[in-house]
Amino acid sequence: MNIHEYQARDLFEKFGVASPRGKMAGTPRDAEIAAQELGTEKIVVKAQIHAGGRGKGTFTNGFKGGVHTATKPEEVRELAAKMIGQTLVTHQTGPAGREVHKVYVVEAAEIAKELYLAILLDRATAAPVVIASTQGGMDIEAVAAQTPERIFREPVHPLLGLQPYQARKLALALGLHGPQSTQAAKLILALYKLFISCDCSLVEINPLVVTKAGDVLALDAKFNFDDNALYRHPEIVALRDFTEEDPREVEASKYCLNYIGLDGNIACLVNGAGLAMATMDIIKHCGGEPANFLDVGGSATKEQVAAAFKIILSDKKVKGILVNIFGGIMRCDIIAEGILAAVQETQLPVPLVVRLEGSNADIGKKIIRDSGLAVISADSLVDGAAKIVAVVKEAAATEAAAAAEAAMAVAVAAAKAATEAAAAAAQAAASLPLKSKGTQPAAL
Amino acid sequence: MAILVTPETRVLIQGITGGFGSRHAQLSLDYGTKIVAGVTPGKGGQIFERVVPIFDTVAQAAKETGATVSAIFVPPPFAADSILEAVDAGLDLVICITEGIPVADMVRVKAAMRGSKTRLIGPNCPGIVCPGEGKDSHGGCRIGIAPGYINHKGHVGVVSRSGTLTYEAVWQLTTRGLGQSTTVGIGGDPVNGTSHLDVIKMFNDDPETEAIIMIGEIGGTAEEEAAAWIKENCKKPVAGFIAGATAPAGRRMGHAGAIVSGGKGTAAAKIAAFRDAGIAVAETPSVMADTLIRHIKELGK
Ligand SMILES: Nc1ncnc2c1ncn2[C@@H]1O[C@H](COP(=O)(O)OP(=O)(O)OP(=O)(O)O)[C@@H](O)[C@H]1O
Ligand SMILES: [Mg+2]
């Protein structure tokens, strides 16, 4: 789960991570009021979306940049008006961009130096690691690739936690001395506490800045929370912004289904994440494009399978469905019943290929066979993928042929109409003794 | 000898009275596995399905029944505690089936386990199968949630992060007449007890294992590490498959550990590492067994 920058700022405050004061606003008017209340000379207005690269992004209305500086509250209002309700496209949002519903109005810092600080879980060592770099404000992946020596990593013992000496080491690595080093160490320790207390999988501050007055402040925050741990953080779950998520994914999560929407036209419904990924891969391998990832999990109920079908079909791009079940925990008869329930409810507007293997596969296959439904059965994964790709292509070809036929019919009709009109005209002309002899129809 | 377990292994089940645990305890009993004890705090003294005694603690269960291996089916909030209890009881092997354990819990458990004699497999895994000699591999050791009948006793070792993909591989092997020595599901979480490499080393040392199928997926670098070791050390033919070539970056694909982040953990990188290590890569999950068979022929083994 992700949160917005303004929500992250609240967590910073709670844990004592120094950052400038700010206020969230949902309307230009509120943004203006927020600026008045902050009462500082310079103010930054920042579009709030769950994606990075806002500063360098562009709104679809042509307005450049999701991060702007202003000096007057009216100016803040104008900037907010250009952002709220508009769609911001950044290198992380994809071409569709994200609609901005809120802006963050925040005190501007007088920046002397931009640094980078992050804490994340290092899978290889199964321990948290703090990452610091003097190359803040830039694309950290580029820094890591081009000048890896500029990235400093401090591994943390999972049972001891980050020690003060490690925080001082990190401050030094950030090139900080004296009171700044003390401030930075304090901020790093507070950030670590936040990371652990909230079950984060990533906290990233880019930029962490040193101000001209010599203070160390977090100017931006990116958070990732471990979804598995959300059950023990209701206060974080409350921060979830559903408007930032794909509505199909939100719907799927209500049924404990793992759904991720993609751009293709062949949907799949699979049990098990690994097999679901492999099913997407094999659809592509067979010349199709997967429309989604969907793992119905190890113990899906009939209701979940029915819900999964509805979610799949709510994607209008979908032209065919491949169900691929290898029953371990999942029993194939349950899947079969879910398919029947879903088909009855949705009328199944697209072709469906089903491949069942594993626990109770025979019963499942029989349920589908006895239903009399137009379901294509497959014997293996590659067989299923090949069949659905073929059927969808055929349907597209038929559709194209039908469209061509329709176009032809229109053309013929048009030609006929034209002929008739010409004939009528010729007749009319013929009836006018002084005009031409009516050769026009023959010329057509 | 297979790896990790044998048909004689005595197994206890933590969470045997839950819906999930009881169903799979029963399936393991039906398979002929020696499920000798169950553990559910507060239910000590009861008997599961008239055959398996239930204890309040793992230590009691192990002492009374001689169980050396545990399978954990408890819900995520209590799973870390269950693992630590099994470690404290001195079991040889703990197989955690539970999906959805907070990663921070696993980080602490892993750190706490350092230096202990207990090996952890999982979490979020399908478990282990060592096929038996009977019909449909009956009489083997099935710990976890894999279907029993797909297995067949033989000489291919299978290791995988994904449950259902493992079943695919095993079923392909079985239907082509190739049996398995042991099948190990190491689980789809980012922090797990046993890695691909750990299992590969065991297969390499196991006289009963003659060839290996290694199945991986996007996320992390465990497959690359295993491949690097195989390149230098592995004496046996290995075929592999990596799932997730079409997965979008930055999205978690069902498994908590299946994510490409910061350009790391891509299918392409893993496949390249496999190829570089001389591992035969299956183009699709439908040809995992065929790829291994062809590879063995090519090597003339
Ligand atoms: N409160 C502030 N005071 C002064 N300058 C700021 C402030 N907030 C942001 N900036 C400047 O704007 C730049 C971009 O801001 P920020 O890092 O928040 O957005 P971004 O990097 O474009 O988006 P993202 O971090 O989401 O990729 C910063 O590097 C910094 O130079
Ligand atoms: Mg930034």
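Proteins get letters first, then strands, A, B, ... in listed order; numbering begins at 1 in each.
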How far does CZ of A:Arg123 sit from NZ of B:Lys264, to the nearest 0.5 angstrom? 12.0 Å

Answer with side chain, backbone, both or neither: which region of A:Ala278 has an atom nearer than 4.5 Å to a non-hydrogen atom of chain B? both

What do you reckon, is CG of A:Asp246 surrounded by more than 12 foreign heavy atoms closer than 6.0 Å? yes

From the list A:Asp295, A:Ile260, A:Asn258, the residue making the most non-hydrogen contacts under 4.5 Å with chain B is A:Ile260

Quick check on B:Ile101 against chain A: is it the side chain, the backbone, both or neither that has a heavy atom closer than 4.5 Å? backbone

To the closest 0.5 Å, what do you measure between OG1 (B:Thr246) and CE (A:Met280)? 3.5 Å

Value for OG (B:Ser286) from NE2 (A:His285), rounded to nearest 0.5 Å, stands at 9.0 Å

For B:Pro102, does its backbone N or O pair with a side-chain atom of A:Asp226 as donor and acceptor, under 3.5 Å? no

Between the side chains of A:Arg232 and B:Asp105, is the shortest nitrogen-to-carboxylate-oxygen separation below 4.0 Å, so that they form an ion pair? yes

What class does the angle between the rings of B:Trp171 and A:Phe326 fall in, given that below 30° is parallel, 30 to 60° is tilted and above 60° is perpendicular? perpendicular

Heavy-atom pairs under 4.5 Å with chain A are the metric here; pick the option from B:Pro76, B:Ala247, B:Pro126, B:Pro77 that has the most. B:Pro77

Do A:Arg355 and B:Glu168 sit within salt-bridge range, that is, some charged N less than 4.0 Å from a carboxylate O? yes

Using only atom types and a distance under 3.5 Å, with no angle test, would you say the side chain of A:Asp281 pairs donor to acceptor with the backbone of B:Ala245? yes

Among B:Gly100, B:Ala111, B:Ser162, residue most engaged with chain A (heavy-atom pairs, under 4.5 Å): B:Gly100

So what's closer than 4.5 Å to chain A heavy atoms on B:Ile215: side chain, backbone, both or neither? neither

For the interface with chain A, which of B:Glu225, B:Met253, B:Glu283 has the highest count of heavy-atom pairs at distances below 4.5 Å? B:Met253

One should read off an interatomic distance between A:Leu381 CG and B:Met288 CE, to the nearest 0.5 angstrom, of 8.5 Å

If we ignore angles and hydrogens, is there a donor and acceptor under 3.5 Å between the side chains of B:Thr164 and A:Asn271? no

With only heavy atoms counted, which part of B:Val191 is less than 4.5 Å from chain A, the side chain, the backbone, both or neither? side chain

State the CG-CZ distance between A:Leu262 and B:Arg251, to the nearest 0.5 angstrom. 8.5 Å

Quick check for you: to the nearest 0.5 Å, what is the distance between B:Glu99 atom CD and A:Asn228 atom CG? 7.5 Å

Give a yes or no on whether A:Lys365 atom NZ has more than 12 heavy-atom contacts from other residues, nucleotides or ligands under 6.0 Å away. yes

Which one of B:Gly250, B:Gly257, B:Ala104 has the most heavy-atom pairs closer than 4.5 Å to chain A? B:Gly257

